[in-house]
Amino acid sequence: MGGGIAGLALAARLDPARFEVTVTEQRYGLPTVGTSLAMWPAAQRALGDLGILDAVREASPVIDGMTVRAASGRAWTSAQATGLIGVSRVDLIRLLDGAVPGSVRRVSGRLDVVRPGPAGLVVGADGVHSAVRRSCWGARSGARPTRYLAVRGVAPGSLWRGHTGEYWGRGQLFGIGPAAAGTNWYAAFRTGAGQGSLDVAAVLAETRARYAGYAPGIRDVLAAAVPETTLVQRIWTTPPLGRYVRSRVALLGDAAHAMTPNLGRGACEALVDAVTLAALLNTRPVDEALSAYNRARHLRTQALRWASSAVMRLALAERGQPVRDALLGLASPGPGSRSDGASESGPGRK
């Protein structure tokens with residue numbers, strides 16, 4: 001298993017009296033940069049099972065709700081949230097790592113091919129580019145790049161106040177929210193499908209140029225953003241899998257169901273995968289536990305994967321953007337309801 005969210009959660013929850021656990025990670029070590037991850041109720045219950053929910057809450061701001069806006073800043077629609085928190089990936093990994101018992105063996109190294117043996121259990125919690133999935137499910141299960149780039153970061157200060165929400169333009173979106181260290185922000189836009197390295201400073205400069213005509217709150221956040229606290233990644237997904245278990249091999253998290261980030265459920269479902277599998281393995285024979293895990297998690301996560309892709313297509317609409325904006329505008333409070341004083345002109349209103 002890997003040393004990310006799903007792998008650490010599983011390692012922390014497995015009964016050390018029943019299992020000898022080894023975590024293999026290509027580059028073992030805690031991350032130093034990471035933006036906020038929304039923790040929905042099911043994920044918070046998983047954190048409670050892991051014994052770190054209180055610590056996560058202490059390190060995380062409350063997310064009151066979600067507002068979808070035009071690129072100008074006009075609010076289209078809002079939904080309130082109760083008990084939703086946003087934890088930094090850095091804090092979450094640190095707390096999960098601290099929950100792993102000392103009996104767990106840590107190994108650093110790259111695994112390109114994984115062959116399960118006749119005894120034991122192999123768990124692929126090794127991310128969207130999972131070597132376990134590729135080795136045991138075949139080449140057709142390889143990760144697929146989308147056309148979109150994700151740029152995320154944390155800016156200093158409470159720049160999010162009065163500007164929270166997600167701004168939908170033509171083929172690009174921008175999100176602003178609170179973070180423990182200031183203001184959490186993220187952007188997504190279409191680029192070429194190249195797989196080469198991405199220079200953070202160059203992409204950040206491109207992002208500022210792309211959103212120069214958006215709401216003032218976005219421009220303020222990007223003006224404060226710096227490469228040292230910014231992440232740039234292409235958005236990858238996994239193809240639909242018929243099951244997450246083969247023989248004594250199981251997939252968790254992004255290795256099983258990597259999805260676009262538009263529902264904010266990837267980290268949540270990885271945690272739920274891990275505690276579900278651990279609870280079953282701790283109390284049932286291995287083969288029975290694996291079958292039950294697949295039944296419990298497969299259909300739900302595949303449905304979320306599909307729904308997240310559908311939201312991405314809506315949020316990043318290009319040809320259909322004017323129709324989308326017109327329909328969402330019908331649900332808005334009215335042309336005078338704006339939190340940032342932006343005009344009705346701009347890249348989101350055509």
Side-chain angles (χ1 to χ4, degrees), residues 30-39 56-75 78 81 84-94 148-169 171-189 191 198-235 260-264 266-267 315-316 338-342 346-348:
L30 300 181
T32 57
V33 179
T35 53
S36 292
L37 303 170
M39 292 287 104
V56 168
R57 284 177 171 163
E58 289 177 5
S60 308
V62 173
I63 301 174
D64 294 326
M66 175 65 179
T67 300
V68 177
R69 303 175 183 272
S72 65
R74 175 185 177 184
S78 296
L84 192 64
I85 56 177
V87 62
S88 163
R89 180 180 175 84
V90 174
D91 288 333
L92 180 59
I93 292 290
R94 173 179 57 81
Y148 297 96
L149 204 63
V151 189
R152 298 171 289 171
V154 177
S158 300
L159 299 174
W160 55 271
R161 295 189 184 279
H163 305 294
T164 57
E166 207 164 82
Y167 299 70
W168 293 2
Q172 50 195 32
L173 64 83
F174 198 95
I176 300 175
T183 297
N184 185 67
W185 65 271
Y186 56 91
F189 49 82
T191 67
L198 297 167
D199 181 79
V200 176
V203 173
L204 184 54
E206 179 187 353
T207 304
R208 292 190 181 106
R210 281 178 173 269
Y211 295 90
Y214 277 58
I218 294 176
R219 300 199 297 271
D220 291 344
V221 168
L222 287 175
V226 295
E228 291 76 17
T229 56
T230 301
L231 298 172
V232 178
Q233 297 170 315
R234 182 159 303 280
I235 298 175
T260 67
N262 301 82
L263 290 181
L316 296 171
R338 293 185 293 279
S339 64
D340 54 17

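Here, residue 1 is the first one in the sequence, and each next residue gets the next number.
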Side chains of Ser36 and Arg152: any donor to acceptor distance under 3.5 Å?
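On atom types as modelled, these side chains do not qualify, holding no pair under 3.5 Å.
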
Polar contact flag, side-chain donor to acceptor under 3.5 angstrom, Tyr167-Gln172
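No pair is found: no donor N or O on one side chain lies under 3.5 Å from an acceptor on the other.
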
Should [X] and [Y] count as side-chain neighbours, where that means a heavy-atom distance under 4.5 Å?
X      : Y      : answer
Thr207 : Leu222 : yes
Trp185 : Ile218 : no
Phe189 : Val151 : yes
Thr183 : Val154 : no
Leu316 : Leu173 : yes
Glu166 : Met66  : yes

Sequence-distant partners of Glu206, salt bridge (charged side-chain N to carboxylate O under 4.0 Å, His left out), two or more places apart:
Arg210

Look at the side chain of Arg219 and the backbone N and O of Tyr214, then say whether any donor-acceptor pair between them is shorter than 3.5 Å.
yes

Sort and list the pairs that fulfil side-chain hydrogen bond (donor to acceptor under 3.5 Å, both in side chains) and have at least one residue in residues 220-232, not counting sequence neighbours.
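Matches after skipping sequence neighbours: none remain.
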
For Tyr148, give me all partners under ring pair (Phe, Tyr, Trp, His ring centres under 6.0 Å), at least two apart in sequence or on another chain.
none

